[in-house]
There are 2 protein chains.
Amino acid sequence: RTKRIAIYGKGGIGKSTTVANVAASFVNEGKSVMVIGCDPKADTTRTLCGKRLPTILNTIKNKKNPELSDIIFMGYENVLCTESGGPEPGVGCAGRGVIVAMKLLDKLGVFTENDFDVIIYDVLGDVVCGGFAVPLKEDFADEVYIVSSGEYMSLYAANNISKGIKKLKGNLSGIICNCKWINNEKTIVNSFAKKIGTEVIGIINRSELIQSSELEAKTVVEKYPDSQESNNYSKVAKSIWNNEFVSSLNPMNDEEFESFFKDY
Amino acid sequence: RTKRIAIYGKGGIGKSTTVANVAASFVNEGKSVMVIGCDPKADTTRTLCGKRLPTILNTIKNKKNPELSDIIFMGYENVLCTESGGPEPGVGCAGRGVIVAMKLLDKLGVFTENDFDVIIYDVLGDVVCGGFAVPLKEDFADEVYIVSSGEYMSLYAANNISKGIKKLKGNLSGIICNCKWINNEKTIVNSFAKKIGTEVIGIINRSELIQSSELEAKTVVEKYPDSQESNNYSKVAKSIWNNEFVSSLNPMNDEEFESFFKDY
Ligand SMILES: Nc1ncnc2c1ncn2[C@@H]1O[C@H](COP(=O)(O)OP(=O)(O)O)[C@@H](O)[C@H]1O
Ligand SMILES: Nc1ncnc2c1ncn2[C@@H]1O[C@H](COP(=O)(O)OP(=O)(O)O)[C@@H](O)[C@H]1O
Ligand code: SF4
Ligand SMILES: [Mg+2]
Ligand SMILES: [Mg+2]
């Protein structure tokens with residue numbers, strides 16, 4: 001059955017880069033994959049499709065009843081891609097795009113009439129509310145992964161997201177460490193994961209190659225398929241695919257988090 | 001009359017550090033200041049009060065009709081401090097704390113029965129919606145400043161916030177560049193400001209001293225009053241106090257922002 005995963009994390013931490021490269025790794029293994037961008041930045045699928053896609057929210061403004069071909073696009077190795085989009089800042093809930101998108105995809109039978117091996121949601125994680133909580137609470141994703149570095153801000157957000165996952169009875173299947181070459185980074189992220197009752201499922205090192213591929217609107221998996229970076233994403237994809245981890249999630253309260261970080 | 005300013009910016013960019021140190025500079029000049037934290041992280045006032053304050057949202061849970069002394073606390077040189085707080089992640093709008101806090105402060109006459117020289121709001125800026133849009137749209141702040149570095153993510157957020165300010169008919173009075181020693185950083189932020197119709201009102205350099213003071217729950221203005229850093233915040237405070245800039249705000253759309261950043 002379909003592996004349905006949601007990727008959360010602080011804005012700018014590397015969710016979209018991770019999602020796009022992991023999706024590319026999955027399709028290279030012959031799996032059928034759909035990627036659903038749930039960040040108002042709407043740029044998850046840019047490196048898979050070679051350009052920024054029109055968003056579902058914007059498409060609906062001009063065409064009340066869009067068809068699948070208006071909102072879903074084929075990218076690298078036939079990965080299917082779509083972007084929820086977000087409203088204009090200051091106008092209603094920032095997560096409204098996700099709510100509208102999920103309704104439409106559901107109505108158009110995307111979730112029932114297709115037999116994807118993997119569906120990946122890329123979700124804004126700076127706040128856990130409104131539309132951004134939808135992949136957690138409704139029947140859209142079975143596993144959640146948080147992308148984090150070893151930085152205070154990133155782990156604070158990860159702890160916050162974990163509180164939301166626990167509240168909404170989701171399953172935190174693991175943390176993907178998107179490293180920034182900080183002192184002791186892997187140690188910090190590993191002990192953070194252990195402390196809240198999950199595990200680190202993969203480690204991605206910061207690399208110029210990943211960024212330079214992105215400048216050409218390509219994943220490093222596509223542009224440099226034999227690179228260490230590409231192999232690394234392939235390892236992460238395999239770990240996710242084989243992951244059977246069910247967390248007994250126990251996020252820290254504010255004081256616990258402060259004292260956890262003080263030790264580092 | 002009271003100078004009422006709201007500080008916005010991407011999470012982790014340095015809003016709280018800037019707000020606390022600017023507030024400390026103002027009270028050193030003999031001004032009466034109130035600081036209102038509007039970030040669920042509720043840590044704006046920690047360096048002014050030497051510890052984390054109880055939040056308004058949490059106080060209301062236990063005491064239906066709090067008095068001023070339950071929610072407002074005196075910090076460094078008599079600066080008045082309060083924290084809105086935020087709900088548990090996954091439970092309702094993350095900005096709900098701000099809405100509840102503003103209602104209560106209003107009801108308790110804080111805004112009418114006091115003659116502050118300055119009121120400063122520190123507001124989460126990763127999304128511009130719900131409670132986080134309140135200081136922009138309702139009669140709480142007259143000027144908005146955005147804290148930003150020269151990084152893509154930070155300027156993207158600044159541009160997003162500017163769209164919200166424009167939509168809600170607010171006044172973007174300037175950008176405070178909280179530098180991270182990036183190549184060409186001041187040039188990038190200056191031309192970004194110019195492009196969207198505002199100006200850089202102050203420049204703060206990244207400094208170990210600012211962070212080490214924070215570890216002791218103090219502003220650098222309090223801990224190292226004769227330092228270059230302290231003098232710098234004092235300059236920023238004076239620029240804000242004397243600022244008469246009214247923006248003709250013209251945020252970039254997504255394509256414009258991409259091409260703007262490509263040039264750097
Ligand atoms: N492992 C990595 N190595 C180098 N750059 C990275 C890596 N992961 C992310 N980045 C870069 O960091 C920036 C933010 O990443 P992005 O995936 O857009 O974050 P998010 O989706 O969480 O907001 C992008 O410019 C991206 O190229
Ligand atoms: N100018 C600066 N120099 C050094 N460290 C800074 C500076 N500004 C902010 N920081 C540090 O960056 C981190 C995030 O700053 P903070 O003010 O909490 O961000 P925000 O309130 O925008 O989320 C803090 O650890 C803070 O000490
Ligand atoms: S629920 Fe969250 S995303 Fe929606 S308006 Fe509130 S803060 Fe914004
Ligand atoms: Mg993204
Ligand atoms: Mg803050």
Side-chain angles (χ1 to χ4, degrees), chain A residues 8 10-14 39-43 46 51-52 55 58 85-96 124-133 136-137 151-154 156-157 159-170 211 214-215 217 251 253-255 257-258 261-262, chain B residues 8 10-14 39-43 46 51-52 55 58 85-96 124-133 136-137 151-154 156-157 159-170 211 214-215 217 251 253-255 257-258 261-262:
Chain A
Y8 279 78
K10 179 169 176 53
I13 199 56
D39 189 318
K41 275 202 268 131
D43 59 2
R46 182 176 159 274
K51 58 177 175 155
R52 284 175 62 95
T55 68
N58 282 343
E88 270 309 295
V91 183
C93 177
R96 189 165 69 82
L124 177 148
D126 300 292
V127 289
V128 189
C129 50
F132 305 121
L136 293 179
K137 61 172 134 174
E151 298 160 299
Y152 176 93
M153 288 278 147
S154 169
Y156 183 93
N159 191 57
N160 223 41
I161 293 160
S162 306
K163 290 182 184 178
I165 296 171
K166 175 157 191 164
K167 189 79 195 179
L168 299 170
K169 308 206 189 319
Q211 267 180 322
E214 182 169 299
L215 284 173
N253 65 35
D254 284 338
E255 296 80 22
F257 183 80
E258 291 301 317
F261 218 84
K262 269 212 174 78
Chain B
Y8 279 78
K10 180 169 175 55
I13 199 59
D39 189 318
K41 275 203 266 132
D43 60 2
R46 181 177 160 274
K51 58 176 173 152
R52 285 176 62 94
T55 68
N58 283 343
E88 269 310 293
V91 182
C93 177
R96 191 165 69 81
L124 177 148
D126 300 292
V127 290
V128 189
C129 50
F132 306 120
L136 293 179
K137 63 172 137 177
E151 297 160 301
Y152 175 92
M153 289 277 148
S154 168
Y156 182 93
N159 191 57
N160 221 41
I161 294 161
S162 307
K163 291 182 183 177
I165 295 171
K166 175 157 191 166
K167 188 79 196 180
L168 300 169
K169 308 204 191 316
Q211 268 181 320
E214 181 169 299
L215 284 173
N253 65 36
D254 284 339
E255 295 81 24
F257 183 79
E258 291 302 315
F261 217 84
K262 269 212 173 78

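Proteins come first, then strands; the chains are lettered A, B, ... in the order of their sequence lines, and each starts at number 1. The figures that follow rest on heavy atoms only: side chains count, while hydrogens, waters and symmetry mates do not.
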_Under 4.5 Å from any heavy atom of chain B - which part of A/D43_ = neither
*Might you work through the side-chain contact (heavy atoms from CB on, under 4.5 Å) test for B/M153 and A/K41, ending with a clear yes or no?*
CA-CA 10 Å; B/M153 289 277 148; A/K41 275 202 268 131; 3.4 Å; yes
*Interface moiety of A/K10 toward chain B, non-hydrogen atoms closer than 4.5 Å*: side chain
*asked:* Need one label for A/Y152: side chain, backbone, both or neither, based on atoms under 4.5 Å from any heavy atom in chain B.
replied: neither
*Using non-hydrogen atoms and a 4.5 Å limit, figure out which bit of A/R52 sits close to chain B: side chain, backbone, both or neither.*
side chain
*asked:* With a sphere of 6.0 Å drawn around NZ of B/K163, does it hold more than 12 non-hydrogen atoms of other residues, nucleotides or ligands?
replied: yes
*Taking the side chain as C-beta and beyond, is there a heavy-atom pair between A/L124 and B/V127 under 4.5 Å?*
yes
*Of all of A/G12, A/G130, A/G90, A/P87, which one pairs up most often with chain B through heavy atoms under 4.5 Å apart?*
A/G90
_Contact summary for A/C129 and B/G92, nearest pair of heavy atoms_ = CB-O, 3.2 Å
